[in-house]
Amino acid sequence: DGGITQSPKYLFRKEGQNVTLSCEQNLNHDAMYWYRQDPGQGLRLIYYSQIVNDFQKGDIAEGYSVSREKKESFPLTVTSAQKNPTAFYLCASSPTAVSYEQYFGPGTRLTVT
Amino acid sequence: DAKTTQPTSMDCAEGRAANLPCNHSTISGNEYVYWYRQIHSQGPQYIIHGLKNNETNEMASLIITEDRKSSTLILPHATLRDTAVYYCIVRGPISNFGNEKLTFGTGTRLTIIP
(Lines give C-alpha, C1' and ligand atoms only; values in the text may rest on other atoms or scores of the structure.)
Protein backbone atom coordinates (compact mmCIF):
# COMPACT_ATOMS: atom_id res chain seq x y z
CA ASP A 1 0.00 0.00 0.00
CA GLY A 2 1.15 3.54 -0.71
CA GLY A 3 1.63 5.83 2.21
CA ILE A 4 3.88 7.51 4.71
CA THR A 5 5.74 5.49 7.27
CA GLN A 6 7.15 6.83 10.48
CA SER A 7 9.06 4.63 12.84
CA PRO A 8 9.12 3.89 15.64
CA LYS A 9 5.73 4.94 17.03
CA TYR A 10 7.22 5.50 20.49
CA LEU A 11 10.81 6.55 21.15
CA PHE A 12 12.58 7.14 24.45
CA ARG A 13 15.91 8.91 24.86
CA LYS A 14 18.08 10.34 27.57
CA GLU A 15 18.62 14.06 27.73
CA GLY A 16 21.73 15.18 25.86
CA GLN A 17 21.47 12.54 23.15
CA ASN A 18 20.71 13.25 19.53
CA VAL A 19 17.92 11.16 18.04
CA THR A 20 16.82 10.69 14.44
CA LEU A 21 13.21 10.13 13.48
CA SER A 22 12.46 8.26 10.31
CA CYS A 23 9.99 9.31 7.62
CA GLU A 24 9.57 7.35 4.40
CA GLN A 25 6.98 7.74 1.65
CA ASN A 26 6.31 5.63 -1.42
CA LEU A 27 3.82 8.05 -2.94
CA ASN A 28 6.38 9.60 -5.28
CA HIS A 29 5.71 12.97 -3.66
CA ASP A 30 8.15 15.81 -4.21
CA ALA A 31 7.44 17.76 -1.03
CA MET A 32 7.82 16.60 2.56
CA TYR A 33 7.26 18.28 5.91
CA TRP A 34 7.96 17.83 9.61
CA TYR A 35 5.57 19.13 12.26
CA ARG A 36 5.66 19.05 16.02
CA GLN A 37 2.57 18.78 18.20
CA ASP A 38 2.47 19.41 21.94
CA PRO A 39 -0.42 18.30 24.17
CA GLY A 40 -3.59 20.30 23.52
CA GLN A 41 -1.94 22.36 20.83
CA GLY A 42 -1.96 22.52 17.09
CA LEU A 43 0.85 21.53 14.77
CA ARG A 44 3.90 23.69 14.24
CA LEU A 45 6.14 23.41 11.21
CA ILE A 46 9.78 22.46 11.86
CA TYR A 47 11.25 21.96 8.38
CA TYR A 48 9.98 21.36 4.89
CA SER A 49 11.50 20.17 1.65
CA GLN A 50 10.07 21.00 -1.74
CA ILE A 51 12.40 18.76 -3.69
CA VAL A 52 15.34 16.41 -3.24
CA ASN A 53 18.51 18.04 -1.88
CA ASP A 54 16.60 21.12 -0.79
CA PHE A 55 14.96 22.02 2.50
CA GLN A 56 13.80 25.14 4.32
CA LYS A 57 13.36 26.08 7.96
CA GLY A 58 9.86 26.29 9.34
CA ASP A 59 8.64 28.21 12.35
CA ILE A 60 10.52 26.26 15.02
CA ALA A 61 13.67 24.87 13.37
CA GLU A 62 16.07 25.61 16.24
CA GLY A 63 17.51 22.44 17.70
CA TYR A 64 16.50 20.30 14.71
CA SER A 65 18.20 19.23 11.50
CA VAL A 66 17.04 17.39 8.39
CA SER A 67 18.36 15.93 5.17
CA ARG A 68 16.70 15.08 1.86
CA GLU A 69 19.16 12.91 -0.02
CA LYS A 70 16.43 10.73 -1.49
CA LYS A 71 12.97 11.62 -2.70
CA GLU A 72 11.29 9.05 -0.47
CA SER A 73 13.10 9.85 2.76
CA PHE A 74 13.14 12.93 5.00
CA PRO A 75 14.72 12.07 8.38
CA LEU A 76 14.55 14.53 11.26
CA THR A 77 17.30 14.75 13.87
CA VAL A 78 16.39 16.15 17.25
CA THR A 79 19.64 17.47 18.66
CA SER A 80 20.65 18.05 22.25
CA ALA A 81 20.24 21.76 21.56
CA GLN A 82 16.46 21.37 21.42
CA LYS A 83 15.33 22.51 24.85
CA ASN A 84 11.97 20.75 24.99
CA PRO A 85 12.20 17.75 22.66
CA THR A 86 9.40 15.66 24.20
CA ALA A 87 6.51 15.88 21.74
CA PHE A 88 4.52 14.14 19.03
CA TYR A 89 6.28 14.45 15.68
CA LEU A 90 4.37 14.23 12.42
CA CYS A 91 5.76 13.87 8.93
CA ALA A 92 3.72 14.81 5.88
CA SER A 93 4.12 14.86 2.12
CA SER A 94 2.38 16.40 -0.84
CA PRO A 95 2.62 15.54 -4.55
CA THR A 96 4.39 18.77 -5.38
CA ALA A 97 5.30 21.93 -3.53
CA VAL A 98 2.21 23.48 -5.09
CA SER A 99 -0.34 20.83 -4.09
CA TYR A 100 -3.43 21.53 -2.02
CA GLU A 101 -3.31 18.45 0.18
CA GLN A 102 -0.76 17.20 2.63
CA TYR A 103 -0.78 13.54 3.61
CA PHE A 104 0.33 12.73 7.12
CA GLY A 105 2.11 9.77 8.62
CA PRO A 106 1.03 8.13 11.90
CA GLY A 107 3.52 10.11 13.97
CA THR A 108 6.31 9.34 16.43
CA ARG A 109 5.92 10.15 20.10
CA LEU A 110 9.34 11.11 21.47
CA THR A 111 9.97 11.19 25.20
CA VAL A 112 13.24 12.58 26.51
CA THR A 113 14.07 12.20 30.18
CA ASP B 1 -1.84 33.63 6.68
CA ALA B 2 -5.09 34.76 8.33
CA LYS B 3 -5.84 33.62 11.87
CA THR B 4 -8.85 31.41 12.57
CA THR B 5 -11.09 31.08 15.62
CA GLN B 6 -12.94 27.88 16.45
CA PRO B 7 -14.90 26.69 19.51
CA THR B 8 -12.81 24.54 21.78
CA SER B 9 -15.26 21.64 21.85
CA MET B 10 -18.61 20.47 20.56
CA ASP B 11 -20.87 17.46 20.97
CA CYS B 12 -23.14 15.95 18.36
CA ALA B 13 -25.54 13.02 18.49
CA GLU B 14 -24.74 10.06 16.29
CA GLY B 15 -26.64 10.19 13.01
CA ARG B 16 -27.22 13.91 13.17
CA ALA B 17 -25.43 16.58 11.16
CA ALA B 18 -22.38 18.06 12.84
CA ASN B 19 -21.86 21.74 12.06
CA LEU B 20 -18.44 23.10 12.95
CA PRO B 21 -18.01 26.87 12.71
CA CYS B 22 -14.85 28.80 11.98
CA ASN B 23 -14.24 32.54 12.01
CA HIS B 24 -11.57 34.02 9.76
CA SER B 25 -12.47 37.69 9.69
CA THR B 26 -9.03 38.80 8.42
CA ILE B 27 -8.98 36.47 5.44
CA SER B 28 -7.56 37.93 2.25
CA GLY B 29 -9.22 37.68 -1.12
CA ASN B 30 -6.83 35.04 -2.40
CA GLU B 31 -6.69 32.87 0.72
CA TYR B 32 -8.31 29.45 0.87
CA VAL B 33 -10.13 27.78 3.76
CA TYR B 34 -8.98 24.24 4.54
CA TRP B 35 -10.32 21.69 6.98
CA TYR B 36 -8.34 18.83 8.45
CA ARG B 37 -9.16 16.47 11.28
CA GLN B 38 -7.00 14.49 13.65
CA ILE B 39 -8.15 11.36 15.38
CA HIS B 40 -6.39 10.77 18.66
CA SER B 41 -2.67 10.02 18.28
CA GLN B 42 -2.85 9.85 14.49
CA GLY B 43 -1.72 12.18 11.75
CA PRO B 44 -4.14 14.83 10.46
CA GLN B 45 -6.42 13.91 7.59
CA TYR B 46 -7.42 16.33 4.84
CA ILE B 47 -11.19 16.85 4.59
CA ILE B 48 -12.02 19.66 2.20
CA HIS B 49 -11.03 23.13 1.06
CA GLY B 50 -12.63 26.09 -0.72
CA LEU B 51 -12.14 29.67 -1.80
CA LYS B 52 -15.57 31.31 -1.94
CA ASN B 53 -18.03 28.81 -3.34
CA ASN B 54 -19.57 26.09 -1.23
CA GLU B 55 -17.88 22.74 -1.68
CA THR B 56 -18.98 19.16 -1.14
CA ASN B 57 -17.15 15.86 -1.27
CA GLU B 58 -17.68 12.35 0.04
CA MET B 59 -16.67 13.35 3.54
CA ALA B 60 -18.23 16.74 4.17
CA SER B 61 -19.63 20.03 2.94
CA LEU B 62 -18.01 23.42 3.34
CA ILE B 63 -20.20 26.50 3.52
CA ILE B 64 -18.39 29.83 3.20
CA THR B 65 -20.28 33.05 3.92
CA GLU B 66 -20.58 35.63 1.18
CA ASP B 67 -18.16 38.00 2.93
CA ARG B 68 -15.81 35.03 3.50
CA LYS B 69 -15.29 35.99 7.12
CA SER B 70 -16.58 32.68 8.41
CA SER B 71 -17.28 29.15 7.28
CA THR B 72 -18.96 25.99 8.49
CA LEU B 73 -17.89 22.42 8.00
CA ILE B 74 -20.84 20.04 7.86
CA LEU B 75 -20.62 16.31 8.47
CA PRO B 76 -24.06 15.28 7.26
CA HIS B 77 -24.55 12.05 9.24
CA ALA B 78 -22.04 11.91 12.06
CA THR B 79 -20.76 8.53 13.22
CA LEU B 80 -18.67 7.59 16.24
CA ARG B 81 -15.62 7.45 13.95
CA ASP B 82 -15.99 11.18 13.34
CA THR B 83 -14.89 11.91 16.89
CA ALA B 84 -11.71 13.93 16.40
CA VAL B 85 -10.16 17.38 16.57
CA TYR B 86 -11.13 19.45 13.55
CA TYR B 87 -8.81 22.16 12.30
CA CYS B 88 -9.86 25.12 10.21
CA ILE B 89 -6.90 26.60 8.36
CA VAL B 90 -6.55 29.59 6.09
CA ARG B 91 -3.63 29.80 3.73
CA GLY B 92 -2.49 31.68 0.69
CA PRO B 93 -2.81 30.48 -2.87
CA ILE B 94 -0.61 27.68 -4.08
CA SER B 95 1.26 30.07 -6.31
CA ASN B 96 3.09 31.44 -3.26
CA PHE B 97 5.96 29.12 -4.06
CA GLY B 98 8.34 28.52 -1.23
CA ASN B 99 5.93 28.73 1.70
CA GLU B 100 3.58 25.79 1.50
CA LYS B 101 3.14 25.26 5.21
CA LEU B 102 -0.14 24.64 6.97
CA THR B 103 -0.62 26.63 10.17
CA PHE B 104 -2.67 24.57 12.60
CA GLY B 105 -4.42 26.17 15.57
CA THR B 106 -5.91 24.24 18.47
CA GLY B 107 -9.04 23.20 16.57
CA THR B 108 -12.45 21.99 17.77
CA ARG B 109 -12.70 18.74 19.66
CA LEU B 110 -15.83 17.10 18.27
CA THR B 111 -17.36 14.27 20.28
CA ILE B 112 -20.04 12.14 18.69
CA ILE B 113 -22.42 10.81 21.30
CA PRO B 114 -24.12 7.42 20.80
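To find a chain, count down the sequence lines: A is the first, B the second, and so on, and within it residues start at 1. Computed from heavy atoms alone, side chains included, the values below leave out hydrogens, waters and symmetry copies.
In plain terms, the two heavy atoms of A:Gln102 and B:Tyr36 that are nearest each other are N-OH, 3.0 Å. Here the closest non-hydrogen pair linking B:Gln42 and A:Phe88 is O-CE2, 4.0 Å.
A:Ile51 and A:Ile46 are members of different hydrophobic clusters when ILVMFWY side chains are connected at heavy-atom separations under 4.5 Å.
Counting heavy-atom pairs closer than 4.5 Å to chain A, the top residue among B:Gln38, B:Gln45, B:Arg109 is B:Gln38.
Qualifying ring-ring contact (aromatic ring centres under 6.0 Å, His included) partners for A:Tyr103, counting only residues two or more places apart in sequence or in other chains: A:His29.
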Distance-only criterion, 3.5 Å: show the donor-acceptor pairs between side-chain atoms of residues 105-113 of chain A and protein atoms not counting sequence neighbours.
| from | atom 1 | to | atom 2 | distance (Å) |
| --- | --- | --- | --- | --- |
| A:Thr108 | OG1 | A:Pro8 | O | 2.7 |

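Within 6.0 Å of atom NZ in A:Lys14, 12 or fewer heavy atoms from other residues, nucleotides or ligands are found, so the atom counts as exposed in its surroundings. Within a 6.0 Å radius of CD in A:Glu62, no more than 12 heavy atoms belonging to other residues, nucleotides or ligands are found.
For a residue to count as touching a neighbouring chain, one of its non-hydrogen atoms must lie under 4.5 Å from one of that chain's; by this rule A:Leu90 touches chain B with the side chain only. Contacts between A:Gln6 and chain B at a heavy-atom distance below 4.5 Å are absent for every atom of the residue.
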